[in-house]
Peer 1: 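This is the structure I want to talk about, given as structure tokens.
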Amino acid sequence: MKNSSCILLAGAVAARRIREEGLHQEQFSTLLGASGGPKWLVLSQLDRVLMGEFFKGRCEPMATLGSSIGSFRNMCYAMQAPLAALERLEYGYIHQSYGTSKPTPAEITAAGEAILLEVLGERGASEVAENPLWHSHFVTVRGRGPLASERWALLAPALFTSALANAFSRRSLKAFWERVVFHSQEQAAVAFDNLSTVNSPLTRQNVCAAVLASGSIPLVMAGVQNPAGAPQGNYRDGGITDYHFDLRFKHPPGLVLYPHFFPFMVPGWFDKGLSWRRVRGDAMASALLIAPSPGFVAKLPFGKIPDRNDFYKLNQDERVRYWNKVVDLSRQVAEDFHEIWQSSRVADYLIEVGSDELPHKLQQVGAA
């Protein structure tokens with residue numbers, strides 16, 4: 001492959017191991033899934049390869065950590081028939097529809113819950129909560145004060161205030177939000193040492209609520225009130241604190257595998273417009289990031305991967321056609337990754353990033 005449709009970015013530790021050992025599933029202890037709504041569709045074919053082939057026959061426990069749509073995807077990995085679950089998620093997500101062009105937060109939340117219930121079926125919640133190999137961690141946030149309200153007049157100004165405070169310091173988020181991580185084992189396998197964090201047991205009674213809350217964008221969707229077994233409160237999108245994650249969380253020994261729709265990472269939701277907040281290379285030391293190449297993305301319809309604006313700019317039929325086309329074309333990303341993985345030339349496609357190199361390396365990738 002001269003010009004691969006996927007790129008592999010690796011931190012120093014991950015790059016060294018992969019160059020010495022090749023690429024195989026036993027190297028990885030943790031799977032990461034970012035927030036991003038419809039952007040995930042460019043990864044659904046890659047998820048199929050990872051579920052059905054790369055991790056086939058896995059015997060050692062694997063921690064998964066996700067926020068928002070990353071939680072939706074990772075939930076499928078922990079189900080008994082993950083490929084079938086992913087198919088249901090993809091179909092339900094693409095074909096979601098509403099009676100008006102401006103659905104209410106309650107209507108969007110109800111549609112999200114319906115998708116999850118269809119994916120989980122009768123046994124799915126138990127499979128996720130009790131899976132002995134796939135140890136799920138779903139990130140949500142619990143709003144403090146007016147951020148727990150569903151009233152626009154209270155919630156909107158409080159959101160603006162927390163975004164403004166975050167622009168000065170990401171640490172300020174702990175005054176507004178508490179990160180709550182729902183985890184499937186007795187002890188969480190992943191730990192954060194930044195911001196305010198509470199761990200809460202994931203059970204079959206709260207799997208759907210936890211995953212739904214993990215993707216409940218304030219003002220767009222309603223929060224999830226009091227998930228079973230969790231501290232009282234209104235739970236919302238985990239992307240607020242952990243949009244793409246900053247990669248400095250503690251995880252089991254081994255590497256982190258990060259299928260991502262971008263070749264860069266933004267720590268939190270409010271950091272999207274703050275270029276200086278992008279994750280630096282040193283945070284990637286033990287991570288391998290797999291992403292569609294900028295050249296591949298440029299050839300997609302509209303020259304971009306799907307996003308939430310498609311709901312407003314396209315009618316239902318146009319959006320469904322576009323999203324299905326992206327999923328179909330993204331098969332090339334999955335096939336190229338599979339070929340790289342199976343070849344003896346993984347090192348030829350590996351882009352190593354050091355302590356301060358990530359922004360420079362990403363400029364090179366973007367220009368390719």
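These numbers come from the heavy atoms of this one structure, side chains and all, not from hydrogens, waters or symmetry mates.
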Peer 1: Assess whether atom CD of Glu60 is packed by more than 12 heavy atoms of other residues, nucleotides or ligands within 6.0 Å.
Peer 2: no
Peer 1: Anything under 30° is parallel, anything over 60° is perpendicular, the rest tilted; go ahead and classify Phe262 against His260.
Peer 2: perpendicular
Peer 1: Between side-chain atoms of residues 153-168 and protein atoms elsewhere (two or more places apart, or another chain), which donor-acceptor pairs fall under 3.5 Å?
Peer 2:
residue, atom, partner, partner atom, Å
Thr161, OG1, Pro157, O, 2.9
Ser162, OG, Ala158, O, 3.4
Ser162, OG, Leu159, O, 2.9
Asn166, ND2, Asp271, OD1, 2.8

Peer 1: Are the side chains of Leu50 and Tyr77 in contact, using a 4.5 Å heavy-atom criterion?
Peer 2: yes
Peer 1: Tell me, do Leu23 and Ile340 make a side-chain contact under 4.5 Å, heavy atoms counted?
Peer 2: no
Peer 1: Counting only N and O atoms by type, is there a donor-acceptor contact under 3.5 Å from the side chain of Gln27 to the main-chain atoms of His24?
Peer 2: yes
Peer 1: Should we count CZ of Arg248 as having more than 12 external heavy atoms under 6.0 Å?
Peer 2: yes
Peer 1: Any idea which heavy atoms bring Cys208 and Leu120 closest together, and the distance?
Peer 2: CB-CD1, 4.0 Å
Peer 1: Test: salt bridge (charged side-chain N to carboxylate O under 4.0 Å, His left out). Region: residues 68-93. Which pairs qualify, not counting sequence neighbours?
Peer 2: Asp47-Arg73, Arg48-Glu87, Arg48-Glu90
Peer 1: Using the rule that Ile, Leu, Val, Met, Phe, Trp and Tyr join whenever any side-chain heavy atoms are under 4.5 Å apart, tell me whether Ile240 and Leu219 fall into a single cluster.
Peer 2: yes
Peer 1: Would a distance-only check, ignoring hydrogens and angles, find a side-chain to backbone donor-acceptor pair under 3.5 Å from Gln96 to Gly112?
Peer 2: no
Peer 1: Checking side chain to side chain contact (heavy atoms under 4.5 Å, CB included) for the pair Ile94/Leu41: CA distance, chi angles, key distance, verdict?
Peer 2: CA-CA 9 Å; Ile94 289 175; Leu41 294 169; 4.0 Å; yes
Peer 1: Please report the shortest heavy-atom distance between Gly238 and Ser67, naming the atom on each side.
Peer 2: C-CB, 3.8 Å
Peer 1: Could you give the distance from NZ (Lys325) to OG (Ser330), rounded to the nearest 0.5 Å?
Peer 2: 11.0 Å
Peer 1: For Phe55, run the ring-ring contact (aromatic ring centres under 6.0 Å, His included) check against Trp134, Phe28, Trp341 and tell me which one passes.
Peer 2: Trp134
Peer 1: Do other residues, nucleotides or ligands put more than 12 heavy atoms under 6.0 Å from the CD atom of Gln80?
Peer 2: no
Peer 1: Should Leu274 and Phe264 be regarded as members of a common hydrophobic cluster, given that ILVMFWY residues are connected when their side-chain heavy atoms come within less than 4.5 Å of each other, either directly or indirectly?
Peer 2: no
Peer 1: Report yes if the side chains of Ile217 and Arg308 come closer than 4.5 Å at any heavy-atom pair, otherwise no.
Peer 2: yes
Peer 1: Could you tell me whether a side-chain N or O of Asn206 sits under 3.5 Å from a main-chain N or O of Ala228, the two making a donor and an acceptor?
Peer 2: yes
Peer 1: How about Lys304: does its NZ atom have over 12 heavy atoms from other parts shown lying under 6.0 Å from it?
Peer 2: yes
Peer 1: Determine whether Leu89 and Ile115 satisfy the following criterion, side chain to side chain contact (heavy atoms under 4.5 Å, CB included), listing intermediate values before the conclusion.
Peer 2: CA-CA 7 Å; Leu89 175 60; Ile115 292 169; 3.9 Å; yes
Peer 1: Give a yes-or-no answer on whether the side chains of Trp323 and Asp310 include a donor-acceptor pair shorter than 3.5 Å.
Peer 2: yes
Peer 1: Using the six-membered ring wherever Trp is involved, compare the ring planes of Phe311 and Tyr98 and label them parallel, tilted or perpendicular (cut-offs 30° and 60°).
Peer 2: perpendicular
Peer 1: Does some side-chain heavy atom of Thr30 sit less than 4.5 Å from a side-chain heavy atom of Pro252?
Peer 2: yes
Peer 1: List the steps, then state whether side chain to side chain contact (heavy atoms under 4.5 Å, CB included) holds for Glu150 with Asn234.
Peer 2: CA-CA 9 Å; Glu150 292 296 340; Asn234 195 6; 2.9 Å; yes
Peer 1: Please confirm whether the backbone N or O of Arg321 pairs with a side-chain atom of Asn324, one donor and one acceptor, at under 3.5 Å?
Peer 2: no
Peer 1: In Å and rounded to the nearest 0.5 Å, what is the OH to CE distance from Tyr243 to Met265?
Peer 2: 13.5 Å
Peer 1: How long is the gap from CZ on Phe138 to CG on Leu65, to the nearest 0.5 Å?
Peer 2: 10.0 Å
Peer 1: Please round to the nearest 0.5 Å and tell me the distance separating atom CD1 of Ile305 and atom CG of Leu329.
Peer 2: 13.0 Å
Peer 1: For the hydrophobic clusters of this structure (ILVMFWY residues joined by side-chain heavy atoms under 4.5 Å, transitively), does one cluster hold both Tyr91 and Leu43?
Peer 2: no
Peer 1: If you count every heavy atom of other residues, nucleotides or ligands that lies below 6.0 Å from Lys299 atom NZ, does the total exceed 12?
Peer 2: no
Peer 1: Sub-3.5 Å donor-acceptor pair from the side chain of Arg144 to the main-chain atoms of Lys174, do we have one?
Peer 2: yes
Peer 1: Closest approach of Ser136 and Val128, non-hydrogen atoms and distance?
Peer 2: OG-CG1, 3.8 Å
Peer 1: Does Thr109 reach the main-chain N or O of Ala222 with its side chain, forming a donor-acceptor pair under 3.5 Å?
Peer 2: yes
Peer 1: Measure the spacing between CD of Gln205 and OG of Ser126 and express it to the nearest 0.5 Å.
Peer 2: 8.0 Å
Peer 1: Is the closest side-chain heavy-atom distance between Pro259 and Leu31 below 4.5 Å?
Peer 2: yes
Peer 1: Taking the side chain from Ser214 and the backbone from Ser68, do they hold a donor-acceptor pair closer than 3.5 Å?
Peer 2: yes
Peer 1: Which heavy atom of Pro231 sits nearest a heavy atom of Ser200, and at what distance?
Peer 2: CD-OG, 4.0 Å
Peer 1: Tell me whether Arg277 at atom CZ has more than 12 heavy atoms from other residues, nucleotides or ligands lying less than 6.0 Å away.
Peer 2: yes
Peer 1: State, to 0.1 Å, how close Thr140 and Ala210 come at their nearest heavy-atom pair, and which atoms those are.
Peer 2: CG2-O, 3.6 Å
Peer 1: Okay, side chain of Arg142, backbone of Ala148: is any donor-acceptor separation there less than 3.5 Å?
Peer 2: no
Peer 1: Does a salt bridge link Glu107 with Lys102, judged by any charged N lying under 4.0 Å from a carboxylate O?
Peer 2: no
Peer 1: What closest approach, in Å, do Pro292 and Val297 show between heavy atoms, and which atom pair accounts for it?
Peer 2: CB-CG2, 4.0 Å
Peer 1: I'd like to know whether Val320 forms a side chain to side chain contact (heavy atoms under 4.5 Å, CB included) with Leu314, so could you lay out the CA-CA distance, the side-chain angles of the two residues, the decisive distance to 0.1 Å, and finally the verdict.
Peer 2: CA-CA 9 Å; Val320 169; Leu314 304 173; over 6 Å; no
Peer 1: Decide whether Ile69 and Leu117 are clustered together by the hydrophobic rule: side chain heavy atoms of Ile, Leu, Val, Met, Phe, Trp, Tyr closer than 4.5 Å, transitively.
Peer 2: no
Peer 1: Measure the spacing between NZ of Lys313 and CG of Asp307 and express it to the nearest 0.5 Å.
Peer 2: 7.0 Å
Peer 1: Decide whether Val333 and Val327 are clustered together by the hydrophobic rule: side chain heavy atoms of Ile, Leu, Val, Met, Phe, Trp, Tyr closer than 4.5 Å, transitively.
Peer 2: yes
Peer 1: Parallel under 30°, tilted from 30 to 60°, perpendicular over 60°: which one fits the rings of Phe302 and Tyr322?
Peer 2: perpendicular
Peer 1: Is the shortest side-chain heavy-atom distance between Phe72 and Trp40 below 4.5 Å?
Peer 2: no
Peer 1: Please check this pair: side chain of Tyr258 against backbone of His244, looking for a donor-acceptor N/O pair closer than 3.5 Å.
Peer 2: yes
Peer 1: A side-chain contact here means heavy atoms from C-beta on lying under 4.5 Å apart; do Val139 and Phe245 qualify?
Peer 2: yes
Peer 1: Could you tell me whether the side chain of Asn194 reaches within less than 4.5 Å of the side chain of Arg171, counting heavy atoms only?
Peer 2: no
Peer 1: Looking only at atom types and distance, does a side-chain atom of Asn131 sit under 3.5 Å from a main-chain N or O of Ala78, one as donor and one as acceptor?
Peer 2: yes
